[in-house]
Amino acid sequence: MISVGKIKQYTNVLERPLSKGKQEVSLSAFAFLFSELVQYNQTQVDNITELERRLEDAGYAVGARILELLCHREKGNRRETRLLGILSFVHSTVWKVLFGKVADSLEKGTEHEDEYMISEKELLVNRFISIPKDMGAFNCGAFVAGIVRGVLENAGFPAVVTAHFVPVEGQHRPRTTILIKFAEEVLRREATLG
């Protein structure tokens with residue numbers, strides 16, 4: 001007689017283990033869902049600034065949940081307490097979970113001490129978006145900026161996070177830069193910690 005291993009049956013959803021599960025989402029499903037999010041919010045607003053703010057707010061909720069999930073899975077419920085540590089966490093771990101790779105670059109601003117930039121040549125949320133002429137300045141990267149702000153603020157690093165297009169010589173599509181401007185309290189805390 002062949003014995004089949006026992007599979008433990010869970011009677012309650014809360015008793016199930018928190019496994020990683022399948023980590024990939026169909027690109028076409030994501031593109032469709034994201035385009036619907038943009039279209040829905042576009043019908044609810046009057047201008048581009050308001051549309052970007054709504055996308056950023058949607059991203060903020062995602063960022064808060066991503067932080068909780070990754071701190072539990074990757075770090076054993078520990079969070080970063082240093083500025084460079086949290087930036088590295090966003091640049092590598094968060095980006096890899098969201099986009100399947102580390103961000104192209106993480107740079108410190110040259111003009112201001114409190115500014116950092118995460119740059120991506122072809123940000124996933126801008127890849128399949130065609131922007132009408134009347135919305136020329138619209139950047140779907142506001143959603144990713146919201147995710148980054150959600151991660152940072154919920155980790156105790158309040159910041160203003162914005163998405164910008166930066167033209168690249170020799171390419172018809174600009175790269176997207178996520179500009180992070182930390183609150184003064186973060187810089188004071190970092191100076192105190194040494």
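- Residue Y60 is not grouped with residue F34 when hydrophobic side chains (ILVMFWY) are merged at heavy-atom distances under 4.5 angstrom, including chains of intermediate members.
- Here the closest non-hydrogen pair linking V38 and L51 is O-CD1, 4.1 Å.
- Residues L106 and M117 form no side-chain contact, since every pair of their non-hydrogen atoms from C-beta on lies 4.5 Å or further apart.
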Could you check K108 against E115 for salt bridge (charged side-chain N to carboxylate O under 4.0 Å, His left out), going step by step and ending with a plain yes or no? CA-CA 6 Å; K108 184 175 170 104; E115 289 184 349; over 6 Å; no
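- Going from atom CD1 of I147 over to atom CZ of R65 covers 11.5 Å, rounded to the nearest 0.5 Å.
- Distance OG1/T93 to CG/L67: 11.0 Å, rounded to 0.5 Å.
- Counting heavy atoms from C-beta outward, T176 and H164 have side chains that stay 4.5 Å or more apart.
- Taking R127 as the reference, E122 meet the salt bridge (Lys or Arg N to Asp or Glu O under 4.0 Å) condition, with sequence neighbours excluded.
- Without hydrogens or angle criteria, D114 side chain to K181 main chain gives no donor-acceptor distance under 3.5 Å.
- Residues L37 and F32 form no side-chain contact, since every pair of their non-hydrogen atoms from C-beta on lies 4.5 Å or further apart.
- Relative to the six-membered ring of F157, R189 meets both conditions, a distance below 6.0 Å and an angle of at most 45° to the axis.
- Shown here are the salt bridge (Lys or Arg N to Asp or Glu O under 4.0 Å) partners of R53, two or more places apart in sequence or in another chain: E50, D57.
- Heavy atoms only, all atoms of each residue included: S28 and S26 are closest at OG-OG, 3.0 Å.
- The environment of CZ in F30 is crowded: more than 12 heavy-atom neighbours from other residues, nucleotides or ligands sit within 6.0 Å.
- In this structure, the side chains of C140 and N126 come closer than 4.5 Å at one or more pairs of heavy atoms.
- Within the 3.5 Å criterion, the main-chain N or O of S88 finds a donor-acceptor partner in the side chain of S92.
- D104 and S119 share no side-chain donor-acceptor pair at under 3.5 Å.
- Looking at heavy atoms from C-beta onward, L124 lies in side-chain contact with L27 at the 4.5 angstrom threshold.
- Other residues, nucleotides and ligands contribute at most 12 non-hydrogen atoms within 6.0 Å of the CG atom of D46.
- The shortest side-chain heavy-atom distance between R149 and E56 falls under the 4.5 Å cut-off.
- Between N154 and A64, the closest heavy-atom pair is ND2-CB, 3.3 Å.
- Side-chain contact between L179 and V161 is absent, with no heavy atoms from C-beta onward closer than 4.5 Å.
- Under the 4.5 Å side-chain heavy-atom criterion for Ile, Leu, Val, Met, Phe, Trp and Tyr, Y40 and V45 are members of distinct hydrophobic clusters.
- Using a cutoff of 4.0 Å between basic side-chain nitrogens and carboxylate oxygens, R175 and E120 are not scored as salt-bridged.
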Please test V125 against F143 for side-chain contact (heavy atoms from CB on, under 4.5 Å), starting from the C-alpha separation and ending with a verdict. CA-CA 8 Å; V125 295; F143 181 73; 4.2 Å; yes
For a side-chain contact (heavy atoms from CB on, under 4.5 Å) check, start with the C-alpha distance between Y116 and I178, then their side-chain angles and the critical distance, and finish with the verdict. CA-CA 8 Å; Y116 290 84; I178 306 296; over 6 Å; no
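- With values rounded to the nearest 0.5 angstrom, L123 atom CG is found 7.5 Å from N139 atom CG.
- Side chain of H91 to main chain of A103: a donor-acceptor pair is present (N/O by atom type, distance under 3.5 Å, no hydrogens or angles).
- Under the side-chain contact (heavy atoms from CB on, under 4.5 Å) test applied with V90, the options I118, I66, I180 reduce to a single match, I118.
- Residues A163 and A142 share a closest heavy-atom pair of CB-N, 3.7 Å.
- F138 and F165 get closest at one heavy-atom pair: O-CE1, 3.5 Å.
- One hydrophobic cluster holds both I86 and V97 under the rule that ILVMFWY side chains link at heavy-atom gaps under 4.5 Å.
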The test is side-chain contact (heavy atoms from CB on, under 4.5 Å); show your working for K101 and K96 and say whether it passes. CA-CA 4 Å; K101 67 181 195 79; K96 193 176 272 187; 5.9 Å; no
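- The neighbour count for F99 CZ, taken as heavy atoms of other residues, nucleotides or ligands under 6.0 Å away, is above 12.
- Checking V94, L152, L84 one by one against F89, the side-chain contact (heavy atoms from CB on, under 4.5 Å) holds for a single residue, V94.
- Environment of CD in E113: sparse, with no more than 12 heavy atoms of neighbouring residues, nucleotides or ligands closer than 6.0 Å.
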